[in-house]
S.K.: 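The structure under discussion is supplied below as structure tokens; questions concerning it will follow.
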Amino acid sequence: MLEAINLTKRYDRKVLDGLSFSVQAGEIVGIVGKSGSGKSTLLRLLNLIETPDSGELLFDGKKIDTSNKKHLLRAQQEIGMIFQNYNLLHNRTVFENVYLPLKLMGKSADMVLEMLSFVGMEDKAHIYPAKLSGGEKQRVAIARALIREPKILLCDEPTSALDEDTKADVLALLQKVQQTFQPAVVFVSHELSAVRQICQRVFVLEDAVFEAEFANQPQPIVRIESSYVNKVERSLLHDDQ
Ligand SMILES: Nc1ncnc2c1ncn2[C@@H]1O[C@H](COP(=O)(O)OP(=O)(O)OP(=O)(O)O)[C@@H](O)[C@H]1O
């Protein structure tokens, strides 16, 4: 579904250097890396709000042409995104927050209550975000991300601001999303326990490249020796983090 080929991005230094990977529909792929390793930069490229210096992105095998505004807009509508800090509009109710992406496309609100029910928030449709807990805000953000039925769901540290119990609930909801809607999910996090729990494959981003790729199997697919790669490996294999 989502394919990145040789993505390179430089600011004052090369932050991403020739990254290639793909995510199938229904698959959750984790990207882990230390602070400053380029995770958010990669998400901005996948979200089509920044363009790579070189390299290509393909959705369903079709190259994304970022120079063509119509094409870009259509591609952006295939993407849903959730954030660590939820990014809800505080002067809009839960219902209005979830409806907004549809409203901007001139569509009706028919699906909104159904989606709120899917994330367990139908009872709070007319409440403002300030009155919600962190876990509830993330549920609303997930409903908003899904309302356009995106083929790609990008998750930027979605559980990092939550306590342990709420974290588990949100991860369980993401697994339900995976089973129900089968999007291609990119799950960026520094929380190795969350990554271990829900990702089918994991890439380790360090020094601008993927230094390792792990799957649900004992041996990594690719592996460069580094202390961070060792830490990820221990966490994924031995449940000790
Ligand atoms: N717009 C920008 N202009 C210049 N440098 C940038 C810009 N965005 C990111 N960088 C630099 O790129 C590098 C990677 O940043 P990025 O935010 O992608 O890392 P990250 O892995 O998401 O970090 P964190 O986990 O702390 O959020 C950093 O050195 C950062 O200073």
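We count ligands from 1, going down the list as the structure has it; atoms in each ligand are counted the same way.
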S.K.: Numbering the atoms of ligand 1 from 1, which are under 4.0 Å from a heavy atom of S40?
M.R.: 17 (O), 18 (O), 20 (P), 22 (O), 27 (O)
S.K.: For V98, run the side chain to side chain contact (heavy atoms under 4.5 Å, CB included) check against V119, V112, L146 and tell me which one passes.
M.R.: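 With V98 as partner, side chain to side chain contact (heavy atoms under 4.5 Å, CB included) holds for just one option, V112.
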S.K.: Going by heavy-atom distance to atom 15 (O) of ligand 1, choose the closest among T41, D156, L45, L205.
M.R.: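 Minimum heavy-atom distance to atom 15 (O) of ligand 1 goes to T41.
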S.K.: To which protein heavy atom is atom 25 (O) of ligand 1 closest, and what is the distance rounded to 0.1 Å?
M.R.: K39 NZ, 2.8 Å
S.K.: What protein heavy atom sits nearest atom 23 (O) of ligand 1, and how far away is it?
M.R.: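 Sorting protein heavy atoms by distance from atom 23 (O) of ligand 1 puts G36 N, 2.8 Å first.
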S.K.: Do me a favour and list the nearest non-hydrogen protein atom to atom 19 (O) of ligand 1 with residue, atom name and distance?
M.R.: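 Result: G38 N, 3.2 Å.
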S.K.: Atom OG1 in T8, atom CD1 in I5: separation rounded to 0.5 Å?
M.R.: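 If I round to the nearest 0.5 Å, the distance is 12.0 Å.
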S.K.: Heavy-atom distance from atom 30 (C) of ligand 1 to the protein below 4.0 Å?
M.R.: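 Given the 4.0 Å limit, the answer for atom 30 (C) of ligand 1 is no, no protein heavy atom qualifies.
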S.K.: Within less than 4.0 angstrom of ligand 1, does E157 place any heavy atom?
M.R.: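 Per 4.0 Å heavy-atom rule, E157 does not contact ligand 1.
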S.K.: Can you list the ligand 1 atoms lying under 4.0 Å from a non-hydrogen atom of R13?
M.R.: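 Near R13, the atoms of ligand 1 are 13 (C), 28 (C), 29 (O).
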S.K.: Between D169 and Q138, is there a side-chain heavy-atom distance shorter than 4.5 Å?
M.R.: no
S.K.: Scan V23, V177, L153 and name whichever one has a side chain to side chain contact (heavy atoms under 4.5 Å, CB included) with V185.
M.R.: L153
S.K.: Starting from atom 26 (O) of ligand 1, find the nearest protein heavy-atom neighbour and note its residue, name and distance.
M.R.: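 Answer, as residue, atom name and distance: S35 OG, 2.6 Å.
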S.K.: Hey, is CD on Q175 packed in by over 12 heavy atoms from elsewhere, all under 6.0 Å?
M.R.: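 Check passes, neighbour count above 12.
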S.K.: Mind checking the NZ-NZ spacing from K39 to K34? Nearest 0.5 Å is all I need.
M.R.: 10.5 Å
S.K.: Assess H190 for proximity to ligand 1: is some non-hydrogen atom of it under 4.0 Å away?
M.R.: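 Heavy atoms of H190 never come under 4.0 Å of ligand 1.
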S.K.: State, yes or no, whether a side-chain contact exists between L57 and L48 at a heavy-atom distance under 4.5 Å.
M.R.: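 Touching, per the 4.5 Å side-chain cut-off.
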S.K.: Would you check whether K34 reaches within less than 4.0 Å of ligand 1, judged by its heavy atoms?
M.R.: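 So K34 counts as touching ligand 1.
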S.K.: Examine ligand 1 and decide if any of its atoms is less than 4.0 Å from a heavy atom belonging to G33.
M.R.: no
S.K.: Is there side-chain contact between Q178 and I198, with heavy atoms separated by less than 4.5 Å?
M.R.: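 Of all side-chain heavy-atom pairs linking I198 with Q178, none is under 4.5 Å.
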S.K.: With heavy atoms under 4.0 Å as the rule, classify the contact between V15 and ligand 1 as side chain, backbone, both or neither.
M.R.: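 The answer is the side chain of V15.
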S.K.: Among all protein heavy atoms in this structure, tell me which lies nearest to atom 10 (N) of ligand 1, with the distance rounded to 0.1 Å.
M.R.: Y11 CD1, 3.4 Å
S.K.: side-chain contact (heavy atoms from CB on, under 4.5 Å) for L113 and F95? Distances and angles first, verdict last.
M.R.: CA-CA 8 Å; L113 280 179; F95 185 97; 4.0 Å; yes
S.K.: Between E164 and K167, does any NZ, NE, NH1 or NH2 come within less than 4.0 Å of an OD or OE carboxylate oxygen?
M.R.: yes
S.K.: Quick one: look at R44 and ligand 1, take heavy-atom pairs under 4.0 Å, and tell me if it's side chain, backbone, both or neither.
M.R.: side chain
